[in-house]
Amino acid sequence: MSDRRRLLPLLGANRHGSRDSMTCLYRCGNACDHPVPNTSDNPYLGDIVNAEVSRRGVVRAGAVGALVLGVGGALAGAGVASAAPAGAAAPALPEVENFAARQRAGNGALTFRAVPPNKLDTFVVPNGYDHAVVIRWGDEVVPGAPDLDVHNQTGARQSKQFGYNNDFVGVLPLDRRGKRALLVVNHEYTNEDLMFPGFTSQDALTVEQVRAAMAAHGLSVVEIERVGDTGQWRPVARGARPYNRRITALATKFDMTGPAAGSAWLKTAADPKGRTVVGTLNNCAGGITPWGTVLSGEENFNQYFVGGDAVSADAKAKLARYGIDTAKRYPSGSRKWERADERFDLAKHPNEANRHGWIVEVDPFDPDGRPRKHTALGRFKHEGANVIVAKDGHVVAYMGDDERFDYLYKFVSDKKYLKGNSWHARRHNLTLLESGTLYVAKLDETSAGEIDGSGKLPSDGAFNGRGRWIKLVSGNRSYVDGMTAADVLTFTRLAGDKVGATKMDRPEDVEPSLATGKVYVALTNNTNRGVGSNPKADEANPRNANKHGHILELVEDRSDNTAETFAWSLPIVCGDPTDPSTYFAGYDKAKVSPISCPDNVAFDSTGNLWISTDGNALGSNDGLFAAPIEGPERGHLKQFLTVPLGAEACGPFITTDDRSVFVAVQHPGEISGATLENPASNWPDGDFAKPGVVVTWRLDGSHIGA
């Protein structure tokens with residue numbers, strides 16, 4: 001029996017909640033079939049006593065998920081003078097001097113008519129809007145790349161083509177007129193069932209096909225241009241395009257930075273100095289820095305390694321905390337990459353897994369520059385990282401660890417951000433994430449005795465409380481007993497366990513609002529909450545067997561991003577609005593759209609919250625939603641679009657002229673039993689399913705949404 005057939009569950013016995021079993025196999029290596037990695041005995045929120053008092057306020061000074069496109073001139077303030085690509089044919093340096101988004105006044109009301117839930121195998125947008133595929137799997141990235149040929153894919157061919165299963169989407173402007181930009185996209189994972197004709201098992205793949213799958217991971221940088229004066233964009237198809245680049249798991253080298261770089265935990269036979277890593281794995285969400293670089297989060301890296309049963313007892317405990325099976329050589333969902341590169345065999349190279357799970361920084365304006373993995377930001381299953389600049393100039397990055405019962409983090413830089421469009425400022429700002437203080441969140445609650453796991457609001461009418469950031473490490477100094485700084489940063493989950501951080505329901509994207517500065521966390525779901533011996537519901541995670549997820553709002557104390565205390569609340573508790581366990585900031589639930597499994601968040605220029613979903617447990621296709629989070633329309637959530645059958649809506653990215661919304665359509669047609677020859681979806685070209693990036697715009701040329 002092939003390993004693919006063996007790993008799929010029996011009909012009717014799906015333990016993966018709303019996701020299809022095929023997605024669970026390839027996306028996260030059947031994580032739900034494995035024990036919960038967090039077995040710590042951290043106290044529940046109801047047992048936490050926190051004397052810290054926090055009040056509202058956070059000031060936003062950097063860029064997190066949206067950039068200025070279509071602006072008539074450069075913005076004042078911080079800027080980037082980019083390193084020029086090699087070669088005489090290099091285009092002009094970007095003219096935009098500020099990668100921070102400006103804000104536009106507005107009442108926040110959303111004017112589009114909500115798209116109804118559906119199961120259509122197409123991309124659906126509201127009346128008055130249009131959409132187009134910008135780029136899809138196998139399209140040209142490096143000029144001269146061969147066309148996609150699924151019968152002859154190789155590592156070399158795929159290394160020049162757009163990768164598979166796009167997730168994070170970022171757009172960085174190249175000019176003041178908003179006509180040209182760089183599109184930067186993560187490629188999280190591959191699905192060999194849907195990529196290779198006649199697929200039967202990972203063992204049956206040729207080594208060259210394995211190399212092609214490795215090359216389909218990573219990131220793509222693609223120069224794009226606006227179509228006329230519309231909100232549509234397309235790849236530039238002529239000229240040298242020297243910024244275009246593929247970054248892969250196959251061959252791209254990364255520099256390690258920060259206190260853990262060069263430590264014993266990162267050294268291998270191939271890299272005895274522990275400072276150079278080949279490849280990046282399972283890149284999920286990300287963010288854009290004020291200095292014009294992209295941050296990419298390495299998430300479910302555990303599924304790429306075998307041989308965990310052969311490591312030392314001490315290493316087994318650490319690997320298990322990161323979801324790596326240490327009981328058998330080939331865990332459920334193993335990709336067998338050691339057939340192409342032995343570094344994925346922990347029996348031979350036990351430290352290789354420690355070199356993944358970091359935040360990666362890529363400078364898209366320096367195509368010859370080596371990307372970096374920043375150890376100062378800690379190692380866990382990063383959904384992504386989003387950076388702001390505090391009032392005193394220090395850079396702050398917010399991050400979530402996408403695992404059941406794991407934690408919420410933030411990083412505060414040692415150095416301060418330098419404004420100005422100079423080489424000196426750029427060189428300085430590129431070092432900001434190399435040293436600083438890493439914190440983990442601990443939340444308390446105001447109505448602990450009233451939380452019964454049903455999702456019923458407590459008597460004070462809100463799920464809310466206070467919280468504090470617990471210091472884990474600062475520079476080379478550890479604040480965790482029994483752990484060095486290198487220990488804390490390499491095994492950050494274990495450090496969070498030791499200090500009693502709050503166990504959350506899969507904290508994924510964490511982003512501050514551009515208009516208000518409040519920080520929003522997408523908590524996707526956790527069907528293990530309150531089940532068996534797992535932690536019970538608490539006020540920040542108020543439902544047992546939580547299959548629909550919720551949104552957390554965090555307000556830092558004294559309007560200071562570097563503060564060590566904050567207030568929190570839950571403005572949205574997702575699900576069917578007719579379900580009494582749902583909540584939409586007190587808005588009339590008869591007027592809101594059903595939403596399930598929030599994954600990524602973004603903001604338009606008026607500060608409306610946009611939410612993409614992953615694994616809709618209500619039975620309809622995933623999509624993109626929007627809701628005002630201030631004023632009388634607060635909580636009036638409406639569905640903006642749906643993605644095709646079997647797909648997940650990733651990104652999103654909204655340009656701050658509010659004329660374009662970019663969404664990554666990930667894993668279309670990823671439904672058990674589907675193959676490349678017998679697809680469950682034929683989006684976008686009518687033959688077989690291909691992940692791709694879509695842009696949506698309003699036909700009359702005005703602002704999206706509002």
Side-chain angles (χ1 to χ4, degrees), residues 7-40 42 44-45 284 299-300 302-303 323 332-333 381 383 400-408 451-456 463 502-509 521-552 570 572-576 579-583 594-600 611-622 646 648-649 667 670-672:
L7 293 173
L8 291 178
L10 296 174
L11 184 64
N14 186 2
R15 290 179 287 169
H16 307 277
S18 55
R19 277 183 179 172
D20 189 88
S21 297
M22 181 184 281
T23 301
C24 293
L25 170 63
Y26 286 110
R27 175 75 171 276
C28 59
N30 287 327
C32 293
D33 288 343
H34 301 289
V36 173
N38 191 348
T39 59
S40 65
N42 295 359
Y44 302 140
L45 285 182
C284 196
E299 193 182 16
N300 293 300
N302 55 299
Q303 63 181 302
S332 167
K381 289 187 178 181
E383 173 75 8
D401 185 347
D402 183 12
E403 186 79 72
R404 298 161 290 168
F405 305 110
D406 258 297
Y407 310 134
L408 179 66
I451 304 302
D452 60 6
S454 69
K456 179 183 177 181
F463 298 114
T502 298
K503 298 179 177 181
M504 305 297 290
D505 285 354
R506 291 184 58 206
E508 297 211 32
D509 206 5
V521 185
L523 295 155
T524 297
N525 55 39
N526 184 357
T527 55
N528 291 79
R529 173 71 65 177
V531 176
S533 61
N534 289 309
K536 61 186 179 183
D538 53 48
E539 195 163 357
N541 306 276
R543 291 183 295 192
N544 289 329
N546 177 16
K547 62 182 179 179
H548 296 302
H550 49 283
I551 300 293
L552 174 79
L570 303 184
I572 297 176
V573 181
C574 300
D576 187 333
D579 184 339
S581 73
T582 59
Y583 179 72
I595 182 174
S596 177
C597 302
D599 189 356
N600 298 115
I611 308 167
S612 63
T613 64
D614 169 19
N616 190 334
L618 295 171
S620 57
N621 288 356
D622 279 312
E648 169 190 345
H667 59 75
E670 196 163 69
I671 297 173
S672 294

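The figures here come from the full heavy-atom set of this structure, side chains too, leaving out hydrogens, waters and symmetry mates.
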State, yes or no, whether a side-chain contact exists between Tyr583 and Leu570 at a heavy-atom distance under 4.5 Å.
no
Criterion side chain to side chain donor-acceptor pair (under 3.5 Å) on Glu648 and Asn616, from CA distance to verdict
CA-CA 9 Å; Glu648 169 190 345; Asn616 190 334; over 6 Å; no
Heavy-atom side-chain contact between Asn541 and His550 under 4.5 Å:
yes
If I take atom OG from residue Ser332 and atom CD from residue Gln303, how far apart are they, to the nearest 0.5 angstrom?
10.0 Å
Does any N or O in the side chain of Ser581 come within less than 3.5 Å of the main-chain N or O of Gly455, such that one atom is a donor and the other an acceptor?
no
Do Glu383 and Asp401 have side chains that get closer than 4.5 Å, going by heavy atoms?
no
Of all heavy-atom pairs linking Cys597 and Ala617, the shortest is SG-N, 4.2 Å
From CG (Asp509) to SG (Cys284), nearest 0.5 Å:
8.5 Å
Apply salt bridge (Lys or Arg N to Asp or Glu O under 4.0 Å) to Asp622 and list each qualifying residue two or more places apart in sequence or on a separate chain.
none
Is there a side chain to side chain donor-acceptor pair (under 3.5 Å) between Ser672 and Asp20 once you walk through the steps?
CA-CA 7 Å; Ser672 294; Asp20 189 88; 2.8 Å; yes
Hey, does the side chain of His667 reach the backbone of Thr23 with a donor-acceptor pair shorter than 3.5 angstrom?
no
CG-CD1 distance between Leu523 and Ile551, expressed to the nearest 0.5 angstrom
7.0 Å
Salt-bridge present (Asp538, Arg543; N to O < 4.0 Å)
no
Check whether any side-chain heavy atom of Tyr407 sits under 4.5 Å from a side-chain heavy atom of Lys503, and report yes or no.
yes
Is Arg529 paired with Asp505 through a side-chain N to carboxylate O contact shorter than 4.0 Å?
yes
Are the side chains of Arg506 and Asn525 in touch, meaning some heavy atoms are under 4.5 Å apart?
yes
Report the residues that fulfil side chain to side chain donor-acceptor pair (under 3.5 Å) with Thr524, sequence neighbours left out, ordered by chain and then residue number.
Glu508
Under a 3.5 Å distance rule, please check whether Asn302 uses its side chain to pair with a backbone N or O of Gly323 as donor and acceptor.
yes
Restricting to side chain to side chain donor-acceptor pair (under 3.5 Å), what partner residues turn up for Thr582, sequence neighbours left out?
Lys589
Close side-chain approach of Asn544 to Val531, heavy-atom, < 4.5 Å
no
Tell me the closest heavy-atom pair linking Ser596 and Cys574, and the distance in Å.
CA-CB, 4.4 Å
Could you grab the distance from atom CG of Leu618 to atom OG1 of Thr613, nearest 0.5 Å is fine?
9.5 Å
One thing to verify: whether Glu403 and Lys381 come together as a salt bridge, which I'm taking to mean a side-chain N less than 4.0 angstrom from a carboxylate O.
yes
Any heavy-atom pair between the side chains of Asn600 and Asp614 that's under 4.5 Å?
no
